[in-house]
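Notes follow once the structure below has been shown.
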Amino acid sequence: MQHNKVLILDFGSQYTQLIARRVRELNIYSEIRPYNKLPDNIDSYKAVVLSGSPISVRSEDALHPDLSEIRGKIPLLAVCYGAQYLAHFSGGEVAESSTREYGRANLTYIKEGEDFFENIHEGSQVWMSHSDTIRALPEGGKLLASTEDVENAAFKIEGEPTYAIQFHPEVYHSTDGHQLLHNFLIKIAGVNQDWTPQSFVEETVENLQEKLGNDRVVLGLSGGVDSSVAAMLLHKAIGKNLFCIFVNNGLLRKNEFEDVLHQYEGMGLNVKGIDASARFLDALAGKSDPEEKRKIIGRVFIEVFDDEAHRIKNVKWLAQGTIYPDVIESVSATGGPSATIKSHHNVGGLPDFMKLKVVEPLKSLFKDEVRRVGASMNMDSQLLGRHPFPGPGLAIRILGDLTREKVRILQEVDAIFINNLKSWNLYDKVWQAGAMLLPVNSVGVMGDERTYEKCVALRAVESTDGMTADWVNLPYEFLQKTSNEIINKVKGVNRVVYDISSKPPATIEWE
Ligand code: XMP
């Protein structure tokens, strides 16, 4: 079955992925393509959205693709740069703004009777982020809405299904953004809302069956959401021909290996747990450079995984939990044609090394969709709601050199922190949390004795994709109780600090 599809042309805006996600939230399938790489089968798309851009249409290197195959033929929504593009190159006028147009604004005028603004009323808040403004509408342009500072905040082209808005409906601060996308895509463009987690599961299982036939597939489970959901889909499709390997690198959270392995078995997966802790920890002994630690862990993982995979006879495929943000071709911030593809840093090198064909059932999904797909297969909500955890695990949270004793200390600290987040109902409000073991000893006093022991830092962040993050304002009572419990229960730690740095300029992990 062919889904109705929406094409999003990326001009390099920081919000392009958000547009795709908002469209998907309407149960409509969307794809992002660089502005200068139109797909061949353009008429298979029911609507097109032009994204914003950091570049000015007035600059010499303005991005100016030929849209003649789209304009007037397919319903088009032009956002921010897209709107300015329509104005500037079609007889309108774009100039530098005289006032700063960044942040919240309100619609002070909306033309009545337009489907585009159905159920949206004057006063509606919108999010602006631009330094150019549209002074004169292009040929055929008809004004649809204004704000106090931006007269031409929305317009359409008469006689064409072409709409343009200066503001960003994809940003949550545009309170009626969802409604506006709904109006454009469903009312105006007539797109079907046929993209649901259930339909995704049904089609993917069918496609996997067709693609894999009776072949054997190997997949590395990590305990995380992506690999677990990928495994469930493959399990549904090919059952016992899926061979899962779950490696304990000795750097997982406390009891995680046993707990998660047990959970996987309960899900009916054909999974083999390999305890390779000693191999990893021996290889890491005395190493303190973060990148060197990462490399060693990556190398040993490949060795262990490859050994195990070779024990399974006639394996043809390697399955991976790659998701859409890992494969979107991104337009560089300067808008140049040099598109880059991000690599999947968890398992870099594995496919080439193993010489297997690769199958990636989640390649078209965003993270939140992966969770919804998992939920529609009745997977455990705790497994689906797990915080992200880095592939190199606690190795990059133990600053400096690594010993078994340090791993033990950090596992204890981390377990107290995470369990307390759960019992205070804070776990689901935090995007990622963990503890760092610092390479400093500090003086303390316990009973009548002077101590000289380790210091740990707790970190909890809010984020949507890990690219930017804010520290979480955890309640003081929570921090107080957690700090007491750590110092009282974990031998070797006498000081706890809380990390209040945002990303950027800090990063989430300390190494
Ligand atoms: P940073 O520290 O770069 O982290 O702000 C962003 C997100 O990436 C995770 N992270 C990693 N994940 N291998 C991984 O699989 C790594 O080497 C790695 N380094 C950081 C980090 O936990 C956060 O979710």
Side-chain angles (χ1 to χ4, degrees), residues 14 17 219-230 245-253 256 260 280 283-284 287-302 304-305 320-327 330 342-351 360 362 366-368 370-371 384-400 402 407 410-411 413-414 417-418 421 427-438 456-472 499-511:
Q14 56 174 326
Q17 283 199 27
L219 175 142
L221 283 168
S222 70
V225 180
D226 302 342
S227 66
S228 306
V229 173
I245 296 173
F246 181 33
V247 176
N248 184 5
N249 57 11
L251 300 156
L252 301 175
R253 302 193 129 117
E256 180 161 26
V260 174
F280 281 91
L284 287 164
K287 305 292 182 202
S288 53
D289 176 69
E291 286 313 303
E292 196 183 355
K293 289 196 247 178
R294 278 190 171 86
K295 281 203 185 102
I296 292 172
I297 293 166
R299 172 177 57 75
V300 178
F301 181 81
I302 290 177
V304 171
F305 191 84
Q320 294 195 293
T322 316
I323 63 173
Y324 196 39
D326 301 325
V327 297
S330 50
K342 288 188 234 163
S343 64
H344 198 239
H345 58 330
N346 269 343
V347 282
L350 202 47
E360 299 173 311
L362 307 178
F366 288 107
K367 190 87 178 183
D368 44 338
V370 175
R371 294 204 163 95
L384 296 177
R386 295 184 86 193
H387 289 172
F389 187 69
L394 299 182
I396 55 166
R397 293 184 179 172
I398 295 172
L399 276 69
L402 208 140
V407 174
L410 191 56
Q411 281 179 334
V413 171
D414 176 80
F417 183 34
I418 299 296
L421 283 171
Y427 185 86
D428 292 334
K429 300 189 177 99
V430 168
W431 190 76
Q432 184 172 13
M436 320 291 157
L437 187 66
L438 307 188
V456 291
L458 306 183
R459 181 114 168 99
V461 295
E462 280 164 359
S463 178
T464 46
D465 50 14
M467 303 291 278
T468 61
D470 260 329
W471 60 278
V472 180
D499 183 349
I500 52 168
S501 336
S502 298
K503 174 184 180 176
T507 50
I508 296 176
E509 305 295 345
W510 280 43
E511 279 198 338

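Count residues from 1 along the sequence. Just follow the structure's listing: the first ligand is 1, and inside any ligand the first atom is 1.
Each of the following atoms of ligand 1 lies closer than 4.0 Å to a heavy atom of Thr507: 1 (P), 2 (O), 5 (O).
The two atoms that bring Glu511 and Ala395 nearest to each other are OE1-O, 3.7 Å, heavy atoms only.
At least one N or O atom of Ile508, backbone or side chain, sits closer than 3.5 Å to an N or O atom of ligand 1. Of the polar atoms of Gly391, at least one N or O is found under 3.5 Å from an N or O of ligand 1, judged by distance alone. Considering both main-chain and side-chain atoms, Trp431 never comes within under 3.5 Å of ligand 1 through any nitrogen or oxygen pair.
A search for side chain to side chain contact (heavy atoms under 4.5 Å, CB included) contacts involving Ser502 returns Asp470, Trp471, not counting sequence neighbours. For Arg371, the side chain to side chain donor-acceptor pair (under 3.5 Å) test picks out no residue, with sequence neighbours left out.
Of the candidates Gly434, Pro390, Gly298, Ala506, Pro390 brings a heavy atom nearest to atom 10 (N) of ligand 1. For atom 3 (O) of ligand 1, the nearest non-hydrogen atom from the set Glu511, Glu509, Arg294, Lys503 comes from Lys503.
Salt bridge Arg386/Glu256: present, at least one basic N to carboxylate O contact under 4.0 Å.
Leu410 contributes atom CG, which lies 10.0 Å from atom CG of Leu399 (distance to the nearest 0.5 angstrom).
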